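To start, the structure itself, in structure tokens.
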Amino acid sequence: MEFNVRRLAADAGTFLSRAVQFTEEKFGQAEKTELDAHLETLLSRAESTKHWTEKIMKQTEVLLQPNPNVRMEEFLYEMLDKKVPMRANNHELLGESMIDSGHEFGPGTAYGSALIKCGETEKLLGSAEKEFIQSSAINFLTPFRNYIEGDFKTISKERKLLQNKRLDLDAAKNKLKKARVADARSAAETELRIAQSEFDRQAEITRLLLEGISSTHAHHLRCLNDFVDAQAAYYAHCYQYMIDLKKQLGSFPSTFSNNNQPAGSSSASISVPTAQPAASLPAPPPSQTSPALNELRSTSGTRKARVLYDYDAASSSELSLLADEVITVSSVPGMDSDWLMGQRGNQKGKVPITYLELLN
């Protein structure tokens, strides 16, 4: 009990001495020991590292999860040490809506089939996004957060101890200056030597910790490379998914071309296969440049033809087609060579030759 009382009294005396020294320094009434330039540079570097690490973490979290409400919910789950519930992201929700609507309109129709294909691709994009977020959280955000919550807290603790030891040192110097009696001077000198030794020791500990910032930067550089690799893989997967989707939609050249796009404008910065508009259809395949086609054009007769692809009419003069159906076609004098006149029951209209296979 007596030991504890003495210890409390000593601690109170030390705290009071530091408070007096700090106050006198603020009012310019006491000298202050300055840290060496190298240590000041290391301290400044540590503060800068903390500032930018926190800022990069915050912006990365915003990139990975733009919704602030969801970020707050995930933070609360983390604080409660509970697993965050799985939820569909925006790509997956859009994909589900497209697939459902495609089945509603009919998988056998051009529009329904395209919606289902687009929906499946959107779900793939959503899955790739989840993998990117998970990889970035583990390999990039977690090491940055560990530095802020671990290494930098240790640095801050040792820096505070250094500040206290510096106040003790300067208080001992002032005490020695004010000592007039020999015994008091001897005690003050002893106290000064102890304070100087403790200050030097704490300065060395702090310096060693601060020099470890270089290793922290090297570690964060590796984490940055991991983040870039994950981002590159994510965008590469997304690009490939869209290329594959464009190829699938290539079965509907006229349907999915952008007829409203102004001439000369660019719809994308990447080079991807694009469908040709109906006004400039490709040359018919060899099987269609046959005597049968020439005969059809030279007479006023009709032929049966099987439809190769779905086709949505671009105007009232054209006839919409469904893949695999059989229609009647004929040649009309003066009509463009890329087109024939098609008939299905009472419906009649122009149809592109490249969508047809003439039957014997």
Side-chain angles (χ1 to χ4, degrees), residues 35 37-94 122 124-163 205-242 269-270:
L35 302 177
H38 178 59
L39 189 55
E40 288 284 8
T41 300
L42 291 176
L43 287 169
S44 175
R45 189 183 184 199
E47 283 295 335
S48 179
T49 300
K50 172 183 178 290
H51 168 75
W52 289 110
T53 299
E54 288 179 331
K55 191 161 188 177
I56 291 171
M57 279 177 53
K58 180 180 178 180
Q59 294 304 318
T60 303
E61 289 169 351
V62 172
L63 171 69
L64 299 180
Q65 179 47 264
N67 190 326
N69 294 328
V70 176
R71 289 203 305 274
M72 178 58 68
E73 181 182 344
E74 292 176 350
F75 174 75
L76 292 175
Y77 274 104
E78 184 178 340
M79 293 295 293
L80 296 173
D81 198 23
K82 291 186 176 181
K83 186 177 180 180
V84 179
M86 294 295 293
R87 60 165 62 87
N89 57 29
N90 292 331
H91 282 293
E92 291 173 327
L93 292 173
L94 174 59
E122 288 296 333
L124 289 174
L125 294 175
S127 177
E129 182 183 281
K130 284 184 174 179
E131 291 179 8
F132 166 59
I133 291 174
Q134 183 179 18
S135 174
S136 299
I138 294 173
N139 299 322
F140 188 63
L141 283 179
T142 298
F144 275 46
R145 188 176 291 111
N146 288 343
Y147 167 74
I148 296 297
E149 297 176 355
D151 294 352
F152 190 80
K153 279 190 175 180
T154 302
I155 290 173
S156 298
K157 178 182 176 182
E158 297 301 331
R159 181 179 182 177
K160 185 176 181 180
L161 283 174
L162 178 62
Q163 172 71 357
I205 292 173
T206 306
R207 181 185 64 80
L208 290 173
L209 280 173
L210 292 172
E211 287 178 346
I213 294 292
S214 296
S215 298
T216 298
H217 285 187
H219 182 212
H220 287 183
L221 176 58
R222 292 193 294 272
C223 296
L224 183 62
N225 283 327
D226 290 340
F227 176 68
V228 171
D229 288 344
Q231 205 167 23
Y234 167 58
Y235 286 118
H237 287 149
C238 291
Y239 174 76
Q240 188 58 51
Y241 293 149
M242 298 312 296
S269 59
I270 57 176

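If you're wondering where the values come from, they're calculated on a predicted model, not measured in any experiment.
Nearest heavy-atom pair, L141 versus E61, reported as atom, atom and distance to 0.1 Å: CD1-CG, 3.9 Å. In plain terms, the two heavy atoms of A46 and F152 that are nearest each other are O-CE1, 3.5 Å. Of all heavy-atom pairs spanning L64 and F132, the tightest one is CD2-CE2, 3.7 Å. Residues S214 and R45 come closest through the heavy atom pair OG-NH1, 3.1 Å. The nearest pair of heavy atoms linking Y147 to T216 is CD1-CG2, 3.6 Å. Of all heavy-atom pairs spanning Y241 and L124, the tightest one is CE1-O, 3.7 Å.
Annotation for E211: atom CD counts as buried by contact number, over 12 foreign heavy atoms lying within 6.0 Å. The local environment of NE2 in H220 is crowded, with over 12 non-hydrogen atoms from other residues, nucleotides or ligands closer than 6.0 Å. Residue-environment remark: CG (N90) stays at or below the threshold of 12 foreign heavy atoms within 6.0 Å.
Residues L209 and D151 form no side-chain contact, since every pair of their non-hydrogen atoms from C-beta on lies 4.5 Å or further apart. Within the 4.5 Å cutoff, no side-chain heavy atoms of R207 are placed close to those of E158. Between T53 and M57 the shortest side-chain heavy-atom distance falls below 4.5 Å. Using a 4.5 Å cut-off on side-chain heavy atoms (C-beta onward), S135 and E131 make no contact. Residues L42 and I213 have side chains not in contact (no heavy-atom distance under 4.5 Å, counting atoms from C-beta outward). Residues M242 and L125 have side chains in contact (heavy-atom distance under 4.5 Å, counting atoms from C-beta outward). Counting heavy atoms from C-beta outward, L43 and L210 have side chains that approach closer than 4.5 Å.
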Test log, rule side chain to side chain contact (heavy atoms under 4.5 Å, CB included), inputs Q134 and I138: CA-CA 6 Å; Q134 183 179 18; I138 294 173; 4.0 Å; yes

Check against salt bridge (charged side-chain N to carboxylate O under 4.0 Å, His left out), K153 and E149: CA-CA 6 Å; K153 279 190 175 180; E149 297 176 355; over 6 Å; no

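Taken from CG in L224 to CZ in F140, the straight-line distance is 5.5 Å, to the nearest 0.5 Å. In this structure, CD1 in I155 is found 9.5 Å from CD in E47, a value given to the nearest 0.5 Å. Remark: E129 CD to I133 CD1 distance equals 4.5 Å, nearest 0.5 Å.
Judged by distance alone, with hydrogens and angles left aside, the side-chain atoms of S136 form no donor-acceptor pair with the main-chain N or O of F227 at under 3.5 Å. Checking side-chain atoms of S48 against main-chain N and O of S44 turns up no donor-acceptor pair under 3.5 Å. Using modelled atom types, one side-chain atom of E92 and one backbone atom of N89 make a donor-acceptor pair closer than 3.5 Å. Side-chain N or O atoms of T41 include one that pairs as donor or acceptor with a backbone N or O of A37 at under 3.5 Å. A donor-acceptor pair under 3.5 Å is formed between the side chain of T60 and the backbone N or O of I56. Side-chain atoms of H237 come within 3.5 Å of backbone N or O of A233 as a donor-acceptor pair.
Looking only at atom types and distance, the side chain of R159 has no donor-acceptor partner in the side chain of T154 under 3.5 Å away.
Note: Y235 and Y239 fail the aromatic proximity criterion, with ring centroids not under 6.0 Å apart.
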